There are 2 protein chains.
Amino acid sequence: MGTQGQNDSSRQPTVKEVALLAGVSPMTVSRTLNGGKSVRLEVQQRVIDAVQMLGYQRNENARSIRPGQPSGLVGVAITNIANPYYGNFALGVEDIASQRGRRIILGTTGEDSARERQLIADFIGRQVEGLILVPSGGRSDHLQPNRLRGTPLVLASRMAAGVDVDAVIVDDIGGALRGTQALLDVGHTRIGYLGNDASTFTGMRRFQGFRQALVAAGLAADPRHVRLGQNDISEAALAATDVLMSPDAPTALFAANNRNAVGALKAIGELLAHGRPLETMPALVSFDSFELSELMPVPVVVVDHDARELGRQAATMLFRRLDGDPDAPAVVVEMPTVVRNSRR
Amino acid sequence: MGTQGQNDSSRQPTVKEVALLAGVSPMTVSRTLNGGKSVRLEVQQRVIDAVQMLGYQRNENARSIRPGQPSGLVGVAITNIANPYYGNFALGVEDIASQRGRRIILGTTGEDSARERQLIADFIGRQVEGLILVPSGGRSDHLQPNRLRGTPLVLASRMAAGVDVDAVIVDDIGGALRGTQALLDVGHTRIGYLGNDASTFTGMRRFQGFRQALVAAGLAADPRHVRLGQNDISEAALAATDVLMSPDAPTALFAANNRNAVGALKAIGELLAHGRPLETMPALVSFDSFELSELMPVPVVVVDHDARELGRQAATMLFRRLDGDPDAPAVVVEMPTVVRNSRR
DNA sequence: CTGTTAGCGCATTCAC
DNA sequence: GTGAATGCGCTAACAG
C-alpha cells in the first residue's frame with residue numbers, strides 16, 4: 001500500500017512536480033535534464049531520483065514549441081510502405097535518424113499528389129526538422145523552399161521538376177541499359193517492356209536506358225510489346241500476359257520495377273500452369289531485386305541497388321544539410337546499380 | 001516584386017500574424033480554423049484569405065501542449081520495417097489512422113527490449129494518443145498501464161506476459177497445426193522445424209501447433225531436425241542446410257515464419273545448384289506467405305494471413321478504445337489463418 | 001550554482 | 001459574435 005515509487009496517475013507529471021519533489025526549482029530540473037551544466041552533482045542526483053520516482057517523461061511537444069527549438073522529428077513521405085522496397089528505404093532512414101536521436105514520422109502518398117501536398121503541410125505543422133520524400137510526380141509547387149518555410153527537403157529515388165533541392169537517385173538509365181544489354185548479349189532481339197508511366201521520373205529514365213541499349217544494337221522497341229502505367233502486381237500480371245499472348249511474342253521482358261517483375265513472373269507461372277512449355281517462356285530483367293529470384297523457372301537478370309542504403313543516404317544528406325549551410329547549392333547523388341544473373 | 005501572395009519568410013507565420021492581416025483577433029482565427037462556430041461567414045472568409053496568403057499552417061505541437069488536447073499522433077513500434085510482413089502491417093495501421101486524421105510516428109525495436117522501452121517512453125513524451133506495438137518479448141513492466149500514463153496500448157501479433165491490454169494476434173496454433181496436417185496428409189512422417197526462439201509468443205504457439213499435429217498422428221518431433229532462434233534469412237538458411245544434410249534428413253520442413261521459409265528455400269536452391277536431385281528436396285510449410293511461392297521448385301504449403309488487415313484491426317481496436325471506455329476489459333482478437341497449397 | 005521572469009503558439013474561459 | 005486574459009510545459013535570458 002502507499003506509493004511504491006511509481007506514480008500511477010493518468011496525468012503526465014511535469015517539471016514542476018519533479019522540482020517540488022526534488023526540492024528545487026523547475027529550472028534546475030530542466031538544466032539537469034539537458035546535460036547538467038551548472039548544477040551541483042548532488043542536486044542533479046536528487047533530480048534524477050525524483051524523475052525516476054515519478055516516472056517523469058519530458059513533454060517533447062512543449063519543448064519544441066518555441067521557434068528554433070528542434071522537434072526531434074523527421075518527416076518521411078513515401079508512396080507505399082507495403083512495397084518492400086520502400087519498407088527497406090524507410091528502415092534505412094530510421095537507421096540514421098535514430099542514431100541522431102530523431103524520430104520518424106511517416107506518411108504514405110499512394111502516388112497521389114494532393115495527399116502528398118497535405119502530408120507535407122501537416123509535417124511542417126508538426127515542426128519536423130527535415131523532410132524526406134519520394135515525390136509522386138505531378139505539380140510540385142508545394143515543394144518550393146519558400147512553401148517549406150526553410151525546412152530542408154531531400155528527394156529520394158525521383159526528382160521533381162523545377163525543384164532545386166538535395167536528392168538521392170538511382171542510376172536508372174545506366175542500370176536499364178546494362179540490364180537490357182545482358183539480354184541482348186545472350187541473343188534476345190524481341191524484348192518486351194513493362195514499366196510505370198513514362199511521365200514519372202524513374203519511368204522515363206528506365207525506359208530511356210532500355211531504348212538506348214536497343215538502339216545501340218540496331219534494334220527498336222516494338223510498341224506492341226511495351227506496356228506502361230501498371231502500378232501494382234495484378235495490373236502488371238495482366239499486362240505481361242497480354243504481351244506474352246500477342247503475335248510475335250517477345251522472348252524476353254524488361255520489368256522496370258519490382259511490382260512489374262513480380263507481376264510478369266506471376267503471369268509466367270500462370271501460363272506454365274496452363275501447360276505452356278517452359279521453353280516458350282521469356283527471360284526477364286528486373287529493375288529492383290526481389291527475394292528468391294534465384295529460384296525462378298526462367299532466367300532472371302536483376303538490376304539491383306540497396307534500398308536501405310538509399311534511405312541511409314537520404315537521411316545522411318538531410319543531416320548534413322541540418323548541420324551545415326542551409327543555403328549551399330543542392331546536391332544530387334546518383335547511386336550505382338549492380339547487374340547480375342540471379343543464377344550464379 | 002513585392003509579395004505575390006506567398007510569404008517566403010523562413011519563420012512560420014502564427015495566428016497573430018494571420019489575425020493582423022485579417023483585421024481580427026487571434027481568437028477569431030483560432031475559432032475559424034476549428035470549424036467556424038460563432039464567427040460571421042464574412043469574417044471567416046477574411047481569415048481564410050489571410051491564411052491562404054501567408055501560407056499559414058497551424059503548429060500542431062503548440063496546439064497539443066495543453067493536457068487533454070489530442071496530438072493527432074499514434075506511436076507504432078515494430079521489430080523491423082524491412083520485413084515486408086511488418087511493412088504491410090504498418091500500412092494497415094496507416095490506412096485506418098490517416099482515415100481518422102492521425103499521423104503515424106514509427107520506430108523499430110529490432111527485437112531489443114531495451115530499445116522498445118526507450119521507444120515507448122519517447123512516444124509517450126511526444127504525447128501520442130495511442131500506441132501500437134509488436135512486443136519484442138523479455139521484460140514488460142514498461143508496458144503496464146500505470147507506466148503508460150493512460151495511453152491506450154494495443155499489442156499486435158504477439159502478447160506480452162502479464163500485460164492485460166487489447167491485442168490482435170494470429171491463430172498460430174491452429175494454423176501451424178493445419179499446415180503440418182497438410183504435410184502429414186500427403187504422407188510425410190519426418191518433418192523438420194525452423195522457428196524463432198521458443199520463448200517468444202508466436203514461436204511457442206507455432207511450435208505447439210506443430211507438435212500437436214504430430215502427436216495426433218502418433219508421431220513426435222525429432223530433436224535433431226528442430227532448429228529454433230534463427231532471426232534472419234541467412235541464419236535460417238544455415239539452419240536449413242544443416243538439417244537437410246543431417247542423417248535421416250526430413251522429407252519436409254515446417255518454417256514458422258517468413259524469414260525461415262525464405263532461408264529454407266535459399267538453402268534448397270543452393271543444394272539444387274550443387275547438383276542435389278530435385279526429388280531429394282523437402283516439401284515446405286511456410287507460416288506467413290511470401291511473393292511468388294507458387295513458382296518454387298518444391299511444393300509449398302502456405303499458412304497465410306493478411307498482415308495489412310492485422311494492422312487495420314490493431315488500429316481499429318485502438319480507436320475503439322480512444323472513443324470508448326478506457327477502463328473496459330481488454331479485448332483479444334485472434335485472426336484466422338488460411339492454409340493453401342501454393343500450386344493450385 | 002540556482003531561482004525568477006517571461007514568452008513560445010494556441011485555445012479555454014470569461015467578459016462584453 | 002468577438003475579444004482579453006490566462007495558462008498549458010518548457011527553457012532562454014537575466015538576476016542574484
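Here the structure is a predicted model, which is why all the values come from computation and not from measurement.
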Legend entry - Distance below 4.0 Å between A:Asn59 side-chain N/O and D:dC8 OP1 or OP2: no
Sequence neighbours left out, cut at 3.5 Å: what donor-acceptor pairs do the side chains of residues 66-79 of chain B make with other protein atoms?
from: B:Ser71; atom 1: OG; to: B:Leu73; atom 2: N; distance (Å): 3.2
from: B:Ser71; atom 1: OG; to: B:Gln127; atom 2: O; distance (Å): 2.5

Inset, instruction - Measure across B:Thr109 and B:Ser136 and return the closest heavy-atom pair with its distance rounded to 0.1 Å. - result: OG1-CB, 4.3 Å
Legend entry - Degree of bending in the helix from C:dC1-D:dG16 to C:dC16-D:dG1 once both end axes are built from five pairs, to 10°: 40°
Legend entry - Partner set under side chain to side chain contact (heavy atoms under 4.5 Å, CB included) for A:Ser30, not counting sequence neighbours: A:Met27, A:Asn34
Inset, instruction - Check DNA chain C against residues 19-30 of chain A and give the residues with a non-hydrogen atom under 4.0 Å, in numerical order. - result: A:Val24, A:Ser25, A:Met27, A:Thr28
Inset, instruction - Take the protein atom CG of B:Leu33 and the nucleotide atom C1' of C:dA11, then report the distance between them rounded to whole Å. - result: 12 Å
Inset, instruction - For residues B:Glu17 and B:Gln12, report the shortest heavy-atom separation together with the two atoms involved. - result: OE2-O, 4.1 Å
Inset, instruction - Please name the pair of heavy atoms, one in B:Gly162 and one in B:Gln144, separated by the smallest distance, quoted to 0.1 Å. - result: O-NE2, 3.1 Å
Inset, instruction - Remember a base hit wins even if backbone is also touched, and classify B:Asn34 as base, sugar-phosphate or nothing at under 4.0 Å, heavy atoms. - result: sugar-phosphate
Inset, instruction - Verify, without hydrogens or angle tests, whether B:Asp166 (side chain) and B:Val331 (backbone) share a donor-acceptor contact under 3.5 angstrom. - result: yes
Legend entry - Nearest-0.5 Å distance that lies between atom CG in A:Leu153 and atom CG in A:Leu318: 8.5 Å
Inset, instruction - Quick one: pull up CG in A:Asp122 and CD1 in A:Ile124 and give me the separation to the nearest 0.5 Å. - result: 10.0 Å
Inset, instruction - Return the minimal non-hydrogen interatomic distance between A:Pro326 and A:Arg321, and the atom names on each side. - result: O-NH1, 3.4 Å
Legend entry - Any residue of residues 36-50 of chain A with a heavy atom less than 4.0 Å from an atom of DNA chain C: A:Ser38, A:Val39, A:Arg40, A:Val43
Inset, instruction - May I have the distance from A:Lys16 (atom NZ) to D:dT11 (atom P), rounded to whole angstrom? - result: 14 Å
Legend entry - Donor-acceptor contact below 3.5 Å, side chain A:Thr14 vs main chain A:Lys16: yes
Legend entry - Toward the 5' end of DNA chain D, by each residue's nearest nucleotide, A:Arg31 or A:Tyr56: A:Tyr56
Inset, instruction - Go through residues 62-73 of chain B and report each residue with a non-hydrogen atom lying under 4.0 Å from DNA chain C, sorted by number. - result: B:Ala62, B:Arg63, B:Ile65, B:Arg66, B:Gln69
Legend entry - Atom of B:Arg115, atom of A:Ser98 and distance for their closest heavy-atom approach: NH2-OG, 4.0 Å
Inset, instruction - Kindly say whether B:Ala50 contributes a backbone atom to a donor-acceptor pair with the side chain of B:Arg46 at under 3.5 angstrom? - result: no
Legend entry - A:Arg117 CZ to A:Leu143 CG distance, which is reported to the nearest 0.5 Å: 8.5 Å
